[in-house]
> 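Take a look at the following structure, please.
So you know, we letter chains A, B, ... as the sequences are listed, proteins then strands, and number each from 1.
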Amino acid sequence: MTLNIFATIRARVVAAVATLHPGLAADVLARIQVEPPRDPAHGDMATNAALVCAKPAGLPPRAFAEALAAALAEAPEIAQAGTAGPGFVNFHLRDAVWRGQIPAILAAGEAYGDSTLGERRRVDVEYVSANPTGPMHVGHCRGAVVGDALARLLAKGGWDVTREYYINDAGAQVQALGWAAYWRYLEALGTPLTEEEFSALVPGGLQYRGEYLSPVGVALAELNGDALAPGAMPADPALWLDIVRDFTVAAMMTEIRVDLAALGVEHDVFISEAALIAAGTVTRAMTLLAAKGLIYQGVLEPPKGKTPEDWEPREQTLFRATQFGDDVDRPLRKSDGSNTYFANDIANHADKIERGHQELVHVWGADHGGYVKRMAAAVAALSDGAVKLDVVLCQIVRVMKDGEPVRMSKRAGSYITLRDLIEEVGRDAVRFTMLTRKSDAQMDFDLNAVVEQSRENPVFYVQYAHARARSVLRAAGEPEAAELAEAKLELLVEPSELDLIRKLAAWPRTVEQAALAREPHRVAFYLHDLAAAFHLSWNRGRDDSTLRFIREEEPESTRARLALVAATAVVIRSGLAVMGVDPVEEMR
RNA sequence: GGACCCGUAGCUCAGCUGGAUAGAGCGCUGCCCUCCGAAGGCAGAGGCCGAAGGUUCGAAUCCUUUCGGGUCCGCCA
């Protein structure tokens, strides 16, 4: 049920080539592309068919192109075809073909752009996975939005998507969190100890001193009285650490879920590291790798040029990551015998594969860039190369206010939480703005600019286009679908109108290209272009009143234009839905 | 020392996985409000795509080298 006009026409081109040159191999035909030319003056579409097929066919590219152009000119959708440059075939589609997209859009509604490209392959998209040791801050925000939008994009592209949050609830950091919450609990009980006196009792010293744990301490006191700290004095950790830690992790996850909900970010599954360990998944994964001969005892070379002072050669349990493209083999066990984070994460990936996923996608912060190769190596090893891991790295976001970077210290109170950010500029502005850059490019998030109502703010610009479209439809008395379906679309002859239709028709292709590249930001740029085309059409009516959408004296023309406006609103909504942004009915 | 990411108009960034004369917004210059919304519109100037080689019909895009900026580098996650 593909509505991708480019795919339709490409099929025509491939068929024409196959007819002219029956002997061409399938992999040659596969290289044929049909895309919009960079310069619209060249036509609606262009194909490289002659360039990629001429040599195998034993013809000069120009001769191949001439013959192909002649054949394509016979196709019912194509108005004219010609050759250009080294062997391109450019062609114009009949206006009727373009206009025919409008009823297709109106019939499909927001499902317009849905693709079968993903062939329902099962893909696991893991994103956020913030440690459950505190509230979410803006550093997590970009990955959350990019991951969520990417999941929506892949779903629209025809993949069967699982959205995963991996909870790092095992290991030293959550132990430290338990101690920190215990301190707040002691405080709630009225302990005579000072924070520094308590810190001296904590292995490694007290961490997570932010006040956000105080409510957890109070809750613990209400639930347990002083049972976990008789007389409001520290007791043996064996008595309380597991209880307090689990309680605190649960409380932090509740906070995080609230934040994610406020941002409109959703997950299907929350996978617990501790649960994976308890279920024996780690052991199974290690056994699997060992059976493949990929685990050994060995000593690593020190990193060149930057040897840590306390470096000493040490024999450890290593995974043969170098067999799968990594730079060095990677340790699986710490010196105390417990597993490294990497070992547990291997189990997480084994679990994803066991659950039947054929593709894996991760959204990580750029600080995890050095971790990509080893994880890709592990996935390749676990699946014998059958499953591919794609990692989308998100670079740092710098929050700017009044031209100055907002300081981001880890100390409580002085850093911006995600909730602060949403309250300041609104959910939709946060989401849209986070998608206005390639994720691997650094970004300044300007608090002043994203709430500005002007053309340079893409959030506003796109929303405004939708609001305008809706305003027109309201002014026209909300025409019914059936009425619009009867519109005489051949009355749409203005260049600005046909340009707008071409832009609308590019949406399915945009979805597919963006999904393949795992680049949701392309949707934001597409919507900006579409909004520009719509605003242009609107503004034509300013200079020439006969070009207005609504003209009472011309009901047929009005109806055709309303169909175009309605289709525009539909596609904007379809695009915003991928970004997780709500369309607005009017600007305020 | 090594790995990964980024260098494109004065500024902020796109560039559809190798295509044609490299695009948009801001800023700049000049025009345009009796108007379904001027919180705008139209037109114009502005580029050796960091640099140098290479691959091929063809390179901003792929490879090598190099110069800048960022992230990171054995028992943190």
> Rounded to whole Å, how long is the line connecting atom CZ of A:Arg374 with atom P of B:G74?
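Taking atom P of B:G74 as the reference, CZ of A:Arg374 is at 9 Å.
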> Within 90° of 0 counts as syn, otherwise anti: where does B:C16 fall?
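Nucleotide B:C16 adopts anti.
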> What is the distance from CG of A:Leu300 to P of B:C73, rounded to the nearest Å?
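Value for this atom pair: 15 Å.
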> What nucleotide, of B:C75, B:A77, B:C36, holds the atom closest to the side chain of A:Phe549?
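Minimum distance to the A:Phe549 side chain belongs to B:C36.
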> Measure from the ring centre of A:His42 to the centre of the six-membered ring in the base of B:A20, then say whether that distance is under 5.5 Å and the planes meet at under 30°.
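A stacking contact exists, since A:His42 sits close and nearly parallel to the base ring of B:A20.
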> Answer yes or no: is there a side-chain heavy-atom contact under 4.5 Å between A:Arg551 and A:Ser557?
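Side-chain contact under 4.5 Å: yes.
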> Is a donor-acceptor pair below 3.5 Å formed from side chain A:Arg314 to base B:C75, judging by atom type as modelled?
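Between B:C75 and A:Arg314, which were checked side chain against base, a qualifying N/O pair under 3.5 Å is present.
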> Atom CZ of A:Arg398 and atom P of B:C13: how far apart are they, to the nearest Å?
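Those two atoms, CZ and P, are 10 Å apart.
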> Which sits closer to the 5' end of RNA chain B, A:His535 or A:Glu519, going by the nucleotide each is nearest to?
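Comparing both residues, the 5'-ward one is A:Glu519.
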> Please tell me which of the listed nucleotides, B:A14, B:G74, B:U71, lies nearest to the side chain of A:Phe525?
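So the nucleotide nearest the side chain must be B:A14.
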> Please tabulate, one pair per line, each protein N/O and nucleotide N/O from nucleotides 2-12 of chain B that are separated by under 3.5 Å, including the distance.
from: B:A3; atom 1: O3'; to: A:Lys373; atom 2: NZ; distance (Å): 3.1
from: B:C5; atom 1: O2'; to: A:Asp440; atom 2: O; distance (Å): 3.0
from: B:U12; atom 1: O2'; to: A:Arg437; atom 2: NH2; distance (Å): 2.6

> Decide whether A:Asn348 and A:Asp351 meet the rule of one side-chain donor and one side-chain acceptor closer than 3.5 Å.
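There is no such pair between these side chains.
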> Starting at atom CG of A:Asn4, determine the distance to atom P of B:C16, rounded to an integer number of angstrom.
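Taking atom P of B:C16 as the reference, CG of A:Asn4 is at 17 Å.
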> Taking the six-membered ring for Trp, is the centroid-to-centroid distance between A:Phe88 and A:His42 below 6.0 Å?
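No, they do not, as the ring centres are separated by 6.0 Å or more.
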> Without decimals, in angstroms, what is the distance between A:Leu51 CG and B:G19 P?
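In whole Å, B:G19 P and A:Leu51 CG are 11 Å from each other.
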> Stacking here means centres under 5.5 Å and planes under 30°; does A:Phe88 stack on B:A20?
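Yes, A:Phe88 stacks on the base of B:A20.
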> Ring centres under 6.0 Å, that's the criterion: do A:Tyr461 and A:His528 meet it?
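A:Tyr461 vs A:His528: aromatic centres under 6.0 Å.
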> Got a salt bridge between A:Arg561 and A:Glu497, using NZ or NE/NH1/NH2 to carboxylate O under 4.0 Å?
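Salt bridge: yes.
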> In this structure, how many angstroms lie between the C1' atom of B:A77 and the CG atom of A:Leu276, rounded?
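Atom-to-atom, A:Leu276 to B:A77, this comes out as 15 Å.
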> Among the candidates B:C42, B:A77, B:G74, find the nucleotide nearest to the side-chain atoms of A:Leu536.
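From the listed options, B:C42 comes nearest.
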> Would B:U71 be called syn or anti, given that syn covers angles within 90° of 0?
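Classified anti.
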